[in-house]
2 protein chains.
Amino acid sequence: MTGPSAKTTRAQEVYDQIRDRLLTGELEPGSRLKLNDFVEGYGVSLSVVREAVTRLAGDGLVQASPQRGFAVMSLTIEQLLDLTRARVLIETMALAESIKLGTVAWEAAVIASHHELANTPMLTPDGVINADFTHAHRAFHDTLLSGCGSSRLQGVATELRACSELYQSWSQQLAHDDTRDIACEHRTISELTVARDEDGAVAALRDHIERTTAALVRYAEEAAESATA
Amino acid sequence: MTGPSAKTTRAQEVYDQIRDRLLTGELEPGSRLKLNDFVEGYGVSLSVVREAVTRLAGDGLVQASPQRGFAVMSLTIEQLLDLTRARVLIETMALAESIKLGTVAWEAAVIASHHELANTPMLTPDGVINADFTHAHRAFHDTLLSGCGSSRLQGVATELRACSELYQSWSQQLAHDDTRDIACEHRTISELTVARDEDGAVAALRDHIERTTAALVRYAEEAAESATA
DNA sequence: TTGCGCCAAATAATCGATTTTTACTTGACC
DNA sequence: GGTCAAGTAAAAATCGATTATTTGGCGCAA
């Protein structure tokens, strides 16, 4: 019992920490995971790291190649578009269900989580993405779907969204994208949702998801060009 | 290189075999998994078994309880209804997408897989569920959704369906359910799908899924009654 | 010079044993 | 008679080391 947390297993802690590093973009998509570095860094045995990484592979955040190790999951543009399409279909469906079935408590939660999101700056003074914003953003989108009455459906949506977040750090450059007003997008989604405007809210959410991907694809293509140039 | 297969890792083999035993119902929902038995039975080390079981937990087929081991995932009736609802929503959506987007090759695949299913007896002469039928059934449902153009969406649907299959063996008793004509249900789904009747096919698939769950719930409640009696 | 195959270092996979935690049993105390 | 607690047995988690596989480099031959 050396650390602050004593109730979880080591594998769980390592899983959580690596997951965090994946989702913050500290570990870049495509880069190989050196298990030995984790062994030293976390002061645990290889078995523990293996279990953590295996679980992350199950989540779709890490790619496992038999006999060849693990790497941060890297998507081709085609796969990214596929993921986006699946997310749009599933998230909009879950949102529609929420709007149909959601209770007043759910409405309140949506308003609350949007308020928190709206009042959390996206960037820190240093110009990097604010971790609090990431959490608030995640919570907002989760809350939107939490009225659908199916934890399974919600879980699937959350899992897919996490995969998209792998590229979040790449959107950092796009945070200055002046063709978008992300705060406004969130506000629109929140308001239409609470107003129980199913079609409107669904359309707004779809736009929101697709715009992020579009920006990402644009960024990836620029990067590819400058690489070949 | 002692076994017949030499190209996969041991953990993968053990994963496949345990998964098979889970889906055939040989390992009953709720029963604890004795890792040591697997160690002896498969002649591998504990690490290998652990990795396999951890992956199965990620698939939702096994429940992992920290410090308390693993058990075959067991669902309450409430959870089973939730799972069914999520399956209906996602599978019908994928089917609708397939009907909208599917190519002629997909149509052909649907017809082919239905033909194979229709000509595979559900029970062996002994009265047990035929493994070939299980495979054909799985293939048929997968093929139905394979025209949707999103491997992600298809993957999610397949994963959820696998969870339902944990209770397949319990349906064995229900195979004689004379209120249903399962072959007819499959034929209807296949025909409406190929006819591109979106609403009809979706409704037929929904019925098919919900009937299986309803039978399962009936069975579970009977079992609960006879247990308390 | 180029291509093929062999050797060595690095990395992944697996193993057997140790440590830690939980579950059960037994016995004493209330 | 019932409850709680200490002790014991079982099982899970973790570790350190061994074995197998891949990767990259080197030499040899065409």
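Every chain is numbered from 1, with letters handed out A, B, ... down the list of sequences. Bear in mind the structure is a predicted one, so any value in this text is a computation, not a measurement.
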**Message:** What is the separation between atom NZ on B:K34 and atom C1' on D:dA11, rounded to the nearest whole Å?
**Reply:** 11 Å
**Request:** Write down the distance between CZ (A:F38) and P (D:dT14), rounded to a whole number of angstrom.
**Result:** 17 Å
**Request:** Check side chain to side chain contact (heavy atoms under 4.5 Å, CB included) between B:E97 and all other residues, then give those that pass, not counting sequence neighbours.
**Result:** A:R85, A:L89, B:K100, B:L101, B:C148
Sub-3.5 Å pairs of nitrogen or oxygen atoms, protein against nucleotides 23-25 of chain D:
from   : atom 1 : to    : atom 2 : distance (Å)
D:dT23 : OP1    : A:R68 : NE     : 3.0

**Message:** What is the separation between atom CZ on A:R32 and atom C1' on C:dT11, rounded to the nearest whole Å?
**Reply:** 8 Å
**Of all pairs that satisfy side-chain hydrogen bond (donor to acceptor under 3.5 Å, both in side chains), the ones with a partner from residues 123-138 of chain B, not counting sequence neighbours** = B:T134-B:Q168, B:H137-B:H141, B:H137-B:H186, B:R138-B:E165
**Item:** side chain to side chain donor-acceptor pair (under 3.5 Å) against A:R152, all qualifying residues, sequence neighbours excluded
**Value:** none
**Item:** Test side chain to side chain contact (heavy atoms under 4.5 Å, CB included) applied to B:S47 - qualifying residues, sequence neighbours left out
**Value:** B:S45
**Request:** Mind checking side chain to side chain donor-acceptor pair (under 3.5 Å) for B:Q154 and listing every partner two or more places apart, or none if nothing turns up?
**Result:** none
**Message:** Strictly by salt bridge (Lys or Arg N to Asp or Glu O under 4.0 Å), give each pair with a member in residues 27-43 of chain A just once, sequence neighbours left out.
**Reply:** none
**side chain to side chain contact (heavy atoms under 4.5 Å, CB included) partners for A:R211, two or more places apart** = A:R180, A:E185, A:D207
**Request:** Kindly write out the residues that satisfy side chain to side chain donor-acceptor pair (under 3.5 Å) with A:S146, not counting sequence neighbours, or none if the list is empty.
**Result:** none
N/O to N/O distances under 3.5 Å, protein versus nucleotides 14-19 of chain C:
from   : atom 1 : to    : atom 2 : distance (Å)
C:dT14 : OP1    : B:T9  : OG1    : 2.7
C:dT14 : OP1    : B:R10 : N      : 2.4
C:dT14 : OP1    : B:A11 : N      : 3.4
C:dT14 : OP2    : B:T9  : OG1    : 3.1
C:dC15 : OP2    : B:S45 : N      : 2.5
C:dC15 : N4     : B:S47 : OG     : 3.1

**Message:** Applying salt bridge (Lys or Arg N to Asp or Glu O under 4.0 Å) to A:R161 and A:E91, what does each step give before you reach the verdict?
**Reply:** CA-CA 9 Å; A:R161 183 140 29 78; A:E91 290 199 41; 3.4 Å; yes
**Asked** Per the end-axis method with five pairs at each terminus, what is the bend angle of the helix from C:dT1-D:dA30 to C:dC30-D:dG1, to 10°?
**Response** 10°
**Asked** Roughly how many Å is it from CG in B:D37 to C1' in D:dA11, rounded to a whole number?
**Response** 12 Å
**Request:** Just jot down the side chain to side chain donor-acceptor pair (under 3.5 Å) partners of A:D16, sequence neighbours excluded, or say none.
**Result:** A:Q12
